[in-house]
There are 2 protein chains.
Amino acid sequence: MSTIGFAPHDHKSCVAGTLHKAEAHCASQGLRLTPVRRRSLEILLAEHRALGAYDLLGILAKEGLGAQPPVAYRALDFLVGAGFAHKIEALNAYIACAHLGTCHMPAFLICRSCKSVAEADTAPAQGRLGDAAREAGFVIERTVVEAEGICPQCQDAAA
Amino acid sequence: MSTIGFAPHDHKSCVAGTLHKAEAHCASQGLRLTPVRRRSLEILLAEHRALGAYDLLGILAKEGLGAQPPVAYRALDFLVGAGFAHKIEALNAYIACAHLGTCHMPAFLICRSCKSVAEADTAPAQGRLGDAAREAGFVIERTVVEAEGICPQCQDAAA
DNA sequence: CAGGTATTGATATGTTATAACATTATAGCT
DNA sequence: AGCTATAATGTTATAACATATCAATACCTG
């Protein structure tokens, strides 16, 4: 159960590697990683934290890739649909998927202090939530699992 | 593990009983269940589904209890803070707590067809998410656990 | 290259949420 | 009762998040 996000790592290769995987996935699935979409994914990967749609839009706009909200929302819809990014509902913000290819039904740990977000690959729908759903006869299609709290770094900083 | 929400029940007494419990809780905690707050809770309880802040505001406004957004948001903040209501992040909407007094860290089952919401009293932070957090050294303060899917009634209706 | 589908461009608007500051009510104290 | 600190409400304005709509263009495929 790896929890990517609160540990230092080789960020440059993490970005490049994920972009490469995304390209391969698009090629194999007949999806089109257009310039705006590609650049949006790149930005989310580079930031490595949850970004609001308008934050993304601001960056895209500076680069001449579109200046209206639909540009950002369309790119984000595509990335989320393709599994390259996730929406953090508790923040109304978006983050690149940290486990491209493996993780669906992700769970997030959100630091309220530094705003960093870690993606855990637990499968909550198979745990107690799944039990409760089965018992009630409810069929789960999508889960939102987000925990807000304090990350290790911020705990140390406060101590 | 009761999952209130997808079963018929005596709704009138459920509303009255919960209001009564809320009053008692406020009295014992020195909280003030003012007219707007009380009425907001009543409305959420009566609707028995997630209501947007502006839905609530519309009802309050018709009754002369305030016409501006902050009125609704303040009432909702109070109710959420007191544990009388929860925010459903996936819907940006609010629902009365179905287990007043017992449930913190609730989990929700949201039907995308009929929009009904059931509240399960599983304790997700103690499950796999808690394991992942502990492993990462993350301290959880609040959890958002929501599953979207199809409730039993809507499955039957579709069959 | 014609025709359908996906994508982008652009304008406008809808929805959700909060900042800021003035005013009024309440509770506790003397 | 009168004073004072705090909590709650009234009000205006605006910030932040998201989508509908329609026109124009790019792209695949037969």
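Every chain is numbered from 1 and lettered A, B, ... according to where its sequence line falls, protein lines coming before strand lines.
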Between [atom2] on [N] and [atom1] on [X], what's the gap in Å once rounded to a whole number?
X	N	atom1	atom2	value
A/Q68	C/dG14	CD	P	19 Å
A/L31	C/dT5	CG	C1'	14 Å
B/L91	C/dT15	CG	P	15 Å
B/R74	C/dT18	CZ	P	12 Å
B/L57	C/dG14	CG	P	17 Å
A/L56	D/dC17	CG	P	12 Å

Taking only the side-chain heavy atoms of [X] (C-beta and beyond), determine which of [options] contains the nearest atom.
X	options	value
A/N92	C/dC21, C/dA10, D/dC17	D/dC17
B/Y73	C/dT16, D/dA18, D/dC22	C/dT16
B/Y54	C/dT26, C/dT16, D/dT9	C/dT16
A/R32	D/dC22, D/dA18, C/dA6	C/dA6
A/P69	C/dA12, C/dA20, C/dT7	C/dA12

Exercise for the section: Could you tell me whether A/D131 and A/R134 have a side-chain N and a carboxylate O separated by less than 4.0 Å? Expected result: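 A salt bridge is present here (some side-chain N lies under 4.0 Å from a carboxylate O).
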Problem - Any A/R37 side-chain N or O less than 4.0 Å from OP1/OP2 of C/dT7 - result: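 Looking at the OP1 and OP2 atoms of C/dT7, one of them is under 4.0 Å from a side-chain N or O of A/R37.
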Exercise for the section: Indicate whether OP1 or OP2 belonging to C/dT16 is found under 4.0 Å from a side-chain N or O atom of B/K87. Expected result: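 No, no such contact exists.
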Problem - Note, A/E47 side chain near A/L56 side chain (heavy atom, < 4.5 Å) - result: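 With C-beta onward as the side chain, the pair stays apart.
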Problem - Beyond-backbone contact of A/Y73 with A/L57, side-chain heavy atoms, under 4.5 angstrom - result: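 The answer is no, as the side chains (C-beta and beyond) never meet within the 4.5 Å cut-off.
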Handout entry: Nearest-nucleotide 5' precedence on DNA chain C, B/A53 against A/G64
Key =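 Nearest-nucleotide comparison on DNA chain C picks A/G64.
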Problem - Verify same cluster id: B/V15, B/V117 (apolar side-chain graph, 4.5 Å) - result: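 Not linked; separate clusters.
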Practice task
Report yes or no: do A/I43 and A/L41 belong to one cluster of Ile/Leu/Val/Met/Phe/Trp/Tyr joined by side chain heavy-atom distances under 4.5 Å?
Solution key: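 Yes; tracing contacts between hydrophobic side chains, which count when under 4.5 Å, links both residues.
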Exercise for the section: Starting from the 5' end of DNA chain D, give me the residue, B/P70 or A/D77, whose nearest nucleotide shows up first. Expected result: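 Between the two, 5'-proximity favours B/P70.
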Practice task
Under 4.0 Å between any heavy atoms, over every strand shown, what does A/F78 touch: base, sugar-phosphate, or nothing? Just pick one.
Solution key: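 Counting heavy atoms under 4.0 Å across all strands, no contact is made by A/F78.
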